[in-house]
There are 2 protein chains.
Amino acid sequence: MRKKGDDKMMLRKSGYKATPARLAILNVFKRAKKPLSAQEVIETLHETDQATVYRTLKSLEEKGILRHIDLRHNHAHYELADLAEHHHLVCLECGKIEIVHHCGMEETQNRIVRSSKHFAEIKQHALEFYGVCKSCAARQKKL
Amino acid sequence: MRKKGDDKMMLRKSGYKATPARLAILNVFKRAKKPLSAQEVIETLHETDQATVYRTLKSLEEKGILRHIDLRHNHAHYELADLAEHHHLVCLECGKIEIVHHCGMEETQNRIVRSSKHFAEIKQHALEFYGVCKSCAARQKKL
DNA sequence: TTATAAATGCGAATTATTTGCAAATAATTT
DNA sequence: AAATTATTTGCAAATAATTCGCATTTATAA
């Protein structure tokens, strides 16, 4: 777990100002046990404007400090990117989330369910890759 | 590829009425080469109300006829569930989507990029499992 | 300190999705 | 074929999620 002062350094190293809003948002994520939505962050930090929260989440994501998580709720979730590799069990009915470590893959689904505390069944999984397409890569080189 | 009449049967077998709106929506997906958003469907079928489109997408998803795809745009995408297994390359810059067949996994990421027509780099991937948690499973048994 | 680019707050705008309800209609029964 | 009925639809309005413009503030570098 990172110490307080380290976050300031970390933000500066990423080219950001170490503002109170950003430090507060990072702290919310450090305390969180699961991916958080923008709304959850906003409710926790009622002193910070929602536009600031949205902007901060997006820029921290761009620098790889936060990771964007899609849970098929109708809004984005985020978590700290430096967490150990893991995946999420998402309840199609109530939205409950459970963290899964030690993942192998589809064949492993059954094993995961058996060792899960809260889930009875896995019905689907989603795997998406995120990267940069060639035309964007070319354009970026030019700039 | 399913024939026209088969869709009617298929919908009825799933417990739905075979309405013009549903058949039209299915046809939009059959013609599509990539996952579609609700807006894209609405624009294609300007004779169908948006509420109907949203409701239809959701119910077709519930019956496993459509598959929900998260592409980190700010809205859901869907595709026909009976497509061969595949994943998606999503450009973090412009949102371009490419279908990837023959996926293995993370170690395979490099191979995927090399054989991709449009992508220069994969930076991240997301893998989520969707299922039913124990408390929801219990509640469903009762009803 | 001061200069300045970056970041914030505020309000309003956009986008995405959902809801309630009356009218329409597909499938079933007669 | 008409009557019945539970679904489904359209419409309009509500809500949720996210973004934007702009004036003001502020972290940092000089």
Side-chain angles (χ1 to χ4, degrees), chain A residues 4-28 35-63 65-66 68-78 92-95, chain B residues 4-28 35-63 65-66 68-78 92 95:
Chain A
K4 273 225 153 178
D6 294 347
D7 285 340
K8 290 198 178 186
M9 298 309 191
M10 194 259 287
L11 287 170
R12 287 179 191 134
K13 213 180 329 167
S14 296
Y16 293 131
K17 290 185 183 175
T19 65
R22 284 186 183 132
L23 293 169
I25 289 172
L26 282 175
N27 274 315
V28 172
L36 299 177
S37 65
Q39 281 312 314
E40 289 172 311
V41 175
I42 289 163
E43 280 158 28
T44 308
L45 299 177
H46 30 294
E47 62 275 10
T48 306
D49 188 77
Q50 63 167 355
T52 301
V53 170
Y54 276 106
R55 282 186 286 231
T56 302
L57 294 179
K58 186 176 281 193
S59 56
L60 292 181
E61 184 201 348
E62 275 161 11
K63 292 292 181 186
I65 297 166
L66 290 180
H68 185 128
I69 309 285
D70 284 308
L71 298 171
R72 296 195 190 169
H73 299 178
N74 275 334
H75 48 262
H77 284 75
Y78 297 87
L92 290 170
E93 304 295 329
C94 71
Chain B
K4 274 224 152 178
D6 294 346
D7 285 340
K8 290 197 179 188
M9 299 306 189
M10 194 259 287
L11 287 170
R12 288 178 190 134
K13 212 180 330 165
S14 296
Y16 293 131
K17 290 184 182 177
T19 65
R22 283 186 183 131
L23 293 169
I25 289 172
L26 281 175
N27 273 316
V28 172
L36 300 177
S37 65
Q39 282 312 315
E40 289 172 311
V41 175
I42 290 164
E43 279 157 28
T44 308
L45 300 176
H46 29 294
E47 62 274 12
T48 305
D49 189 78
Q50 64 168 354
T52 301
V53 170
Y54 276 106
R55 281 185 287 231
T56 302
L57 295 179
K58 186 176 281 194
S59 55
L60 293 181
E61 185 202 346
E62 274 161 11
K63 292 293 182 187
I65 296 166
L66 291 180
H68 184 129
I69 308 285
D70 284 306
L71 298 171
R72 296 194 190 170
H73 300 178
N74 273 334
H75 48 263
H77 284 75
Y78 297 86
L92 290 170

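Residue numbers begin at 1 in each chain, while the letters A, B, ... track the order of the sequences.
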Open item on the list: Can you pull out the residues from residues 11-19 of chain A that lie within a 4.0 Å heavy-atom distance of DNA chain D?
Closed with: A/Arg12, A/Lys17, A/Ala18
Task: Most 5' of B/Pro20 and B/Asn74 on DNA chain D, judged by nearest nucleotide - done: B/Pro20
Open item on the list: Reading DNA chain D from 5' onward, which residue's closest nucleotide shows up sooner: B/Glu47 or B/Gln50?
Closed with: B/Glu47
- [ ] Measure up the B/His77 and B/His73 rings against each other and bin them: parallel (under 30°), tilted (30 to 60°), perpendicular (over 60°).
- [x] perpendicular
What is the separation between atom [atom1] on [X] and atom [atom2] on [N], rounded to the nearest whole Å?
X       : N      : atom1 : atom2 : result
A/His46 : C/dG9  : NE2   : C1'   : 16 Å
A/Asp49 : C/dA12 : CG    : C1'   : 12 Å
A/Ile42 : C/dT8  : CD1   : P     : 13 Å

Heavy-atom closest pair, residues [X] and [Y]:
X       : Y       : value
A/Val53 : A/Ala38 : CG1-O, 4.1 Å
A/Ala21 : A/Thr48 : CB-CG2, 4.2 Å
B/Ser59 : B/Tyr16 : O-OH, 2.8 Å

Task: Range on DNA chain D touched by chain A - first to last nucleotide, heavy-atom distance under 4.0 Å - done: D/dA17 to D/dT28
Heavy atoms only, 4.0 Å cut-off, all strands: where does [X] land among base, sugar-phosphate and nothing?
X       : answer
B/Arg55 : base
B/Ala51 : base
B/Ser37 : nothing

Task: Closest-nucleotide ordering on DNA chain C, the 5'-leading residue of B/Tyr54 and A/Ala21 - done: A/Ala21
- [ ] Under the side-chain hydrogen bond (donor to acceptor under 3.5 Å, both in side chains) rule, collect the residues that match up with A/Ser37, sequence neighbours excluded.
- [x] A/Glu40
Task: Note, A/Gln50 side chain near A/Gln39 side chain (heavy atom, < 4.5 Å) - done: yes
Open item on the list: Taking the side chain as everything from C-beta on, heavy atoms only, tell me whether A/Lys58 gets closer than 4.5 Å to A/Arg55.
Closed with: no
TODO: Report the residue from A/Lys63, A/Lys17, A/Arg22 that forms a side-chain contact (heavy atoms from CB on, under 4.5 Å) with A/Leu11.
DONE: A/Arg22
- [ ] Begin with the C-alpha distance, continue with both residues' side-chain angles, and end with the deciding distance and a verdict on side chain to side chain contact (heavy atoms under 4.5 Å, CB included) for A/Thr56 and A/Leu66.
- [x] CA-CA 10 Å; A/Thr56 302; A/Leu66 290 180; over 6 Å; no
